[in-house]
Amino acid sequence: MLIDLARTSTAVTAGSARLAKIAHLAELLGRVEPDEAEIAIAYLSGELPQRNVGVGWKSLQDPPEPRLAATATLREVHDRLDRVKALTGPGSQGARKTLLAELFGSLTRQEQLFLTRLLQGELRQGALEGVMIEAVAKAAGVPAAEVRRALMLRGWLPAVGAAALSGGIEALRAFHLEVGRPVSPMLAQSAVSIEAAFGKLGGPAAVEWKLDGVRIQAHRAGDRVSVFTRTLDDITAQVPELVEAVGALPSSDLVLDGEVLAMRADGRPEPFQVTSGRVSSRTDVQRAREKVPLSVFFFDALRADGADLLDLPGEARHAALARAVPPELMTPRLVTSDVADGEAFFKDAVRSGHEGVVVKSLLTPYAAGRRGAGWIKVKPRHTLDLVVLAVEWGSGRREGLLSNLHLGARDPETGGFVMLGKTFKGLTDELLAWQTERLLAIAEGPTDGWTVTVRPELVVEIAFDGVQRSSRYPGGVALRFARVIRYRSDKTADQADTVEMVRSLML
DNA sequence: TTCCGACAGTGGGGTCGCAAT
DNA sequence: ATTGCGACCCCACTATCGGAA
């Protein structure tokens with residue numbers, strides 16, 4: 001029953017101890033029907049078996065009156081969401097609304113709350129996939145490492161969890177790398193400098209250009225090529241150049257990891273916005289391709305030479321990649337133990353218009369789906385001193401605190417300020433409390449109950465990765481990945497950086 | 001007893017496709 | 001033609017728990 005999940009979710013939300021959350025989840029998994037295990041695992045880790053159903057915050061605004069008695073089964077809810085997802089074409093939004101109202105009208109208040117959070121992608125129970133892995137292991141009586149390994153190869157915990165619950169450790173060991181089915185890609189940790197990155201790894205390392213495009217995983221089985229994104233979406237039809245490039249390789253049994261991006265004729269990369277737009281284009285790929293051709297650069301191989309390579313050291317995987325792929329399709333790379341060489345390579349990458357580098361251990365295996373310690377990204381960091389123009393009330397654990405800052409640069413021509421974006425990042429609890437008090441003291445002007453306008457007096461030092469063209473902000477520019485470094489109590493607003501300075505960074 | 005790896009949470013800008021206006 | 005919504009591309013950072021050292 002859905003109510004069982006809602007109750008478990010409430011119990012999981014109630015405390016902060018992870019072991020207690022695991023115990024609650026495992027208890028539920030211990031009594032779920034086998035044919036509903038997949039749904040239960042998905043829901044309680046914040047996922048939908050359908051991945052998405054076209055329902056977001058707006059569609060969930062005013063739910064109908066709840067029922068008093070809980071009657072909905074997991075299967076019923078799942079089937080109704082299938083029907084919601086299937087609705088398309090003219091009039092579908094009205095029909096969708098009706099179906100959703102029917103569904104929510106059949107639920108109790110507790111069930112409504114659970115389903116709303118689930119559909120919004122904000123379960124906020126302090127437990128998602130990472131905790132659910134442990135719960136599955138506990139409920140199935142198998143080591144968590146076995147669940148993780150199967151998940152790495154299958155990429156979808158509900159399927160892995162259901163198998164573990166019904167078939168135990170043997171069922172888990174039956175999962176293997178399947179060409180044509182994506183593996184969660186390995187992610188990188190970050191460091192502030194090449195020196196710090198080398199320090200974390202120790203010994204010689206590979207330094208690779210970090211290209212600012214879209215992460216892809218390319219599979220080839222015989223003549224069949226498939227391409228997947230970081231979240232395992234199939235984008236094969238959107239990247240024909242990549243399909244052709246992989247199809248032309250001598251080997252017909254491959255799983256490759258790389259980055260796709262749009263390059264300019266002069267050999268420099270297009271801004272991320274251009275690559276992103278091209279990769280997202282689905283309606284007229286041929287035309288999009290003519291306007292913005294894509295290039296691909298590989299940096300790892302998960303399968304080649306007729307063998308799975310995940311467990312091999314990075315260096316061995318790279319050697320296999322180099323045997324399978326011509327050099328022009330590989331990410332520029334330098335192996336060194338000399339920090340100065342690494343720094344020079346990093347500078348060269350940035351000078352060539354790229355994001356930075358990833359410093360990689362030569363030893364570690366491919367940590368699929370994890371932020372492995374073996375890969376460390378390093379990017380240059382820009383900073384500006386900007387003025388707080390307004391601030392938004394936070395939600396969740398930031399409820400009651402002023403959180404999201406509206407940032408402005410000085411405009412000497414008008415004597416005013418030009419908004420460049422917002423940020424909520426980099427704030428400690430202490431700083432959140434401080435800025436709430438400080439900003440309320442200088443609140444002035446319109447407020448909509450969500451955004452508090454303040455007198456432009458407070459200067460804050462902001463780090464960011466770069467500037468990008470913006471149609472949202474009046475200055476035509478916005479900051480990318482802005483975060484707070486510190487408040488500049490030593491500076492007044494008329495000493496803040498100007499919008500011209502920001503624009504000059506766009507070149 | 002202290003340290004640190006892994007997670008979850010809190011949101012940021014931009015783009016596309018689709019349905020409604 | 002424009003607007004709003006949902007989905008997904010890129011993502012940084014802090015707090016916390018609990019196992020490792």
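Lettering of chains follows the sequences in order, A, B, ..., and the numbering in each one begins at 1.
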Q.
Over all strands shown, is A:D233 touching base, sugar-phosphate only, or nothing at heavy-atom distances under 4.0 angstrom?
A. sugar-phosphate
Q | Spacing of A:H406 atom NE2 relative to B:dG11 atom C1', expressed in whole Å | A | 12 Å
Q.
A cation-pi test, strictly: NZ or CZ of A:R181 under 6.0 Å from the centre of the six-membered ring of A:F228 and no more than 45 degrees from its axis. Yes or no?
A. no
(Q) Nearest whole Å is fine: how far is C:dT14 C1' from A:L401 CG? (A) 14 Å
Q: Taking only the side-chain nitrogens and oxygens of A:R480, find out if one of them lies under 4.0 Å from OP1 or OP2 of C:dC10.
A: no
Q: With axes from five pairs an end, tell me the bend angle of the helix from B:dA8-C:dT14 to B:dT21-C:dA1, nearest 10°.
A: 10°
Q: Describe the nucleic acid contact of A:T275 in one word from base, sugar-phosphate, nothing, applying a heavy-atom distance below 4.0 Å.
A: nothing
(Q) With a cut-off of less than 4.0 Å, is there a side-chain N or O of A:N404 near OP1 or OP2 of B:dT10? (A) no
Q: Give a yes/no answer on whether the side chain of A:R370 brings an N or O atom under 4.0 Å of OP1 or OP2 in B:dC7.
A: yes
Q: Report which part of the nucleic acid A:K425 touches: base, sugar-phosphate, or nothing (heavy-atom distance under 4.0 Å, all strands).
A: base
Q. Do A:S403 and A:R398 get their side chains close enough for a donor-acceptor pair, meaning under 3.5 Å?
A. yes
Q: Find the distance between OG (A:S184) and CE (A:M152) and round it off to the nearest 0.5 Å.
A: 10.0 Å
(Q) Both A:A20 and A:R483 contact DNA chain C. Which one's nearest nucleotide lies toward the 5' end? (A) A:R483
Q: Please assess A:D257 against A:Y366 for the test side-chain hydrogen bond (donor to acceptor under 3.5 Å, both in side chains), listing each intermediate value before the final yes or no.
A: CA-CA 11 Å; A:D257 193 355; A:Y366 192 87; 2.7 Å; yes
Q: Please figure out whether A:D465 or A:K58 has its closest DNA chain C nucleotide nearer the 5' end.
A: A:K58
Q.
Measuring only between side-chain heavy atoms, which start at C-beta, is A:E461 closer than 4.5 Å to A:L384?
A. no
Q) Taking only residues two or more places apart in sequence, or in another chain, which ones meet A:T236 in a side chain to side chain contact (heavy atoms under 4.5 Å, CB included)? A) A:S226, A:V227, A:D234, A:V243
Q: Would you classify A:A463 as touching base, sugar-phosphate or nothing, given that sugar-phosphate means primed atoms plus P, OP1 and OP2, and contacts are heavy atoms under 4.0 Å?
A: nothing
Q: Please check the phosphate of B:dG12 (OP1 and OP2 only) for any side-chain N or O of A:T423 closer than 4.0 Å.
A: no
Q.
Using a 4.0 Å heavy-atom cut-off, does A:T428 contact any base of the nucleic acid, only the sugar-phosphate backbone, or nothing at all?
A. sugar-phosphate
Q) Checking all strands, does A:V279 fall into the base, sugar-phosphate, or nothing category for heavy-atom contacts under 4.0 angstrom? A) nothing
**Q.** Along DNA chain B (nearest heavy atom to each residue), the more 5'-positioned of A:R398 and A:L479
**A.** A:R398
Q: Select from A:R371 and A:L420 the residue whose nearest nucleotide in DNA chain B is closer to the 5' end of that strand.
A: A:R371
Q | Between B:dA6 (P) and A:E129 (CD): distance, integer Å | A | 14 Å
(Q) Protein within reach of the bases, or only the backbone? For nucleotides 14-21 of chain B, mark each nucleotide 5' to 3' as B, S or -, using heavy atoms under 4.0 Å. (A) SSSSSSS-
Q. What closest approach, in Å, do A:A409 and A:T498 show between heavy atoms, and which atom pair accounts for it?
A. CB-C, 3.9 Å
Q. Can you tell me how far P of C:dA15 sits from CZ of A:R124, to the nearest Å?
A. 18 Å
**Q.** A:M186 CE to A:W375 CH2 distance, which is reported to the nearest 0.5 Å
**A.** 5.5 Å
Q. Heavy atoms under 4.0 Å, any strand shown: does A:K377 hit a base, just sugar-phosphate, or nothing?
A. sugar-phosphate
Q) Does OP1 or OP2 of B:dG11 have a side-chain N or O of A:S403 closer than 4.0 Å? A) yes
Q.
With rounding to the nearest 0.5 angstrom, report the CG to CG distance, A:L256 to A:L329.
A. 9.5 Å
Q. Taking OP1 and OP2 of C:dG6, is either one under 4.0 Å from a side-chain nitrogen or oxygen of A:S59?
A. yes
Q. At under 4.0 Å between heavy atoms, what does A:K379 touch on the DNA or RNA strands: base, sugar-phosphate, or nothing?
A. sugar-phosphate
Q: Under 4.0 Å between any heavy atoms, over every strand shown, what does A:K210 touch: base, sugar-phosphate, or nothing? Just pick one.
A: sugar-phosphate
**Q.** Sugar-phosphate only, base, or nothing, as touched by A:A127 at under 4.0 Å among non-hydrogen atoms
**A.** sugar-phosphate
Q) Do A:Q435 and A:Y487 have side-chain N/O donor and acceptor atoms under 3.5 Å apart? A) yes
Q) Of all the choices, B:dG9, C:dA12, C:dC9, which nucleotide is nearest to the side chain of A:R397 once you look at every atom? A) B:dG9
(Q) Does a side-chain N or O of A:W57 approach OP1 or OP2 of C:dC5 to a distance below 4.0 Å, or not? (A) no
Q. So what does A:V484 touch, heavy atoms closer than 4.0 Å: a base, only the sugar-phosphate, or nothing?
A. nothing
Q) What distance separates A:L119 CG from A:Y43 OH, expressed to the nearest 0.5 Å? A) 8.0 Å
Q. Expressed in angstrom and rounded to an integer, what is the separation of A:Q189 atom CD from B:dC4 atom P?
A. 13 Å
Q) Just how far, in rounded Å, is C1' of C:dC9 from CG of A:D234? A) 16 Å
Q: Could you work out which one of C:dC17, C:dC9, C:dA15 sits closest to the side chain of A:R18?
A: C:dC17
Q: Output the single nucleotide from C:dG18, C:dC8, C:dC5 whose closest atom is nearest the side chain of A:L19.
A: C:dG18
Q: Calculate the interatomic distance between A:L427 atom CG and C:dT14 atom C1'; express it in whole Å.
A: 9 Å
Q: Would you kindly give the CG-to-P distance between A:L157 and B:dC7, to the nearest whole Å?
A: 12 Å
Q. Does atom CD of A:Q50 have more than 12 heavy-atom neighbours from other groups under 6.0 Å away?
A. yes
